[in-house]
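Just the heavy atoms: all of them, side chains too, but no hydrogens, waters or symmetry mates, feed the values below. For clarity, every value in this text was computed on a predicted model and none was experimentally measured.
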Amino acid sequence: MQPKNVLFSLFLILTILAIVVSRVRHEPVKKEPFDRHPQHLAYSKHARCRMSCRHISEGDIGQIMERGIINFSKSDQNDKPCPTFALQGQTDDGENIRVIFAQCSQETKVITCYNLQESFECHCPGDDSKGSLQQKR
């Protein structure tokens, strides 16, 4: 092969490689449906009661919000008035918990939370009703 052909082939390969790398780097990042850094975080009375009963702190809720995995089978993105998301994971102190968030445009609200390893006998308002929160469990 002549030196001209070798240089041309090398240039062509490097150009194609540069184009591929450029496209991969500029591909849009898939947006997660849950905003992990909301402007305002509120807690329902039910969530506060469950947190107290199950020894789950606001710090634990924050850890799950930041690092938890979205459980789409327990979430309802079409829920009204706001989509609900079930995030679960392990806290720094080793608890496996699931937190149900309702995420509206102006506010994210903690609806309820569960310890996935240990059962607690809680008597919180709404525990007796068989509403949608109980079905998400």
side-chain contact (heavy atoms from CB on, under 4.5 Å) evaluation trace for Ile64 with Ile97: CA-CA 8 Å; Ile64 298 304; Ile97 63 174; 3.5 Å; yes
Test log, rule side-chain contact (heavy atoms from CB on, under 4.5 Å), inputs His55 and Phe120: CA-CA 10 Å; His55 313 290; Phe120 291 89; 3.6 Å; yes
Spacing of Phe34 atom CZ and Leu87 atom CG [to the nearest 0.5 Å]: 5.0 Å
Partners meeting ring-ring contact (aromatic ring centres under 6.0 Å, His included) with Tyr43 (sequence neighbours left out): none
Non-hydrogen atoms of Gln90 and Gly94 that approach each other most closely: NE2-O, 3.4 Å
For Asn78, all residues meeting side-chain contact (heavy atoms from CB on, under 4.5 Å), sequence neighbours excluded: Asp76
Heavy atoms of other groups near Phe72 CZ, more than 12 under 6.0 Å: yes
Nearest-0.5 Å distance that lies between atom OG in Ser44 and atom CD1 in Ile100: 11.0 Å
Sulfur-sulfur distance Cys49/Cys124 under 2.5 Å: yes
Rounded distance (nearest 0.5 Å) linking atom CG of Asp92 with atom OG of Ser57: 9.5 Å
Non-hydrogen side-chain atoms of Val99 and Met65 separated by less than 4.5 Å: no
CD (Glu32) with more than 12 external heavy atoms under 6.0 Å: yes
Flag if over 12 foreign heavy atoms under 6.0 Å of CG, Leu116: yes
side-chain contact (heavy atoms from CB on, under 4.5 Å) between Ile70 and Ser75, intermediate numbers included: CA-CA 8 Å; Ile70 300 172; Ser75 300; 4.0 Å; yes
Other residues, nucleotides, ligands: >12 heavy atoms within 6.0 Å of Gln117 CD: yes
Short side-chain donor-acceptor distance under 3.5 Å, Gln103 and Thr108: yes
Separation between CD1 of Ile61 and CZ of Phe101, rounded to the nearest 0.5 Å: 6.0 Å
Asp60 and Arg54 ion-paired at < 4.0 Å: no
With sequence neighbours excluded, residues passing salt bridge (Lys or Arg N to Asp or Glu O under 4.0 Å) with Glu58: Arg48
Straight-line distance of Asp35 CG to Cys104 SG, nearest 0.5 Å: 12.0 Å
Chi angles and distances behind the side-chain contact (heavy atoms from CB on, under 4.5 Å) call for Glu66, His37: CA-CA 8 Å; Glu66 185 70 30; His37 305 282; 3.0 Å; yes
Rounded distance (nearest 0.5 Å) linking atom NE2 of His123 with atom CD of Glu121: 4.0 Å
side-chain contact (heavy atoms from CB on, under 4.5 Å) partner of Cys113, chosen from Arg98, Gln88, Arg50, His46: Arg50
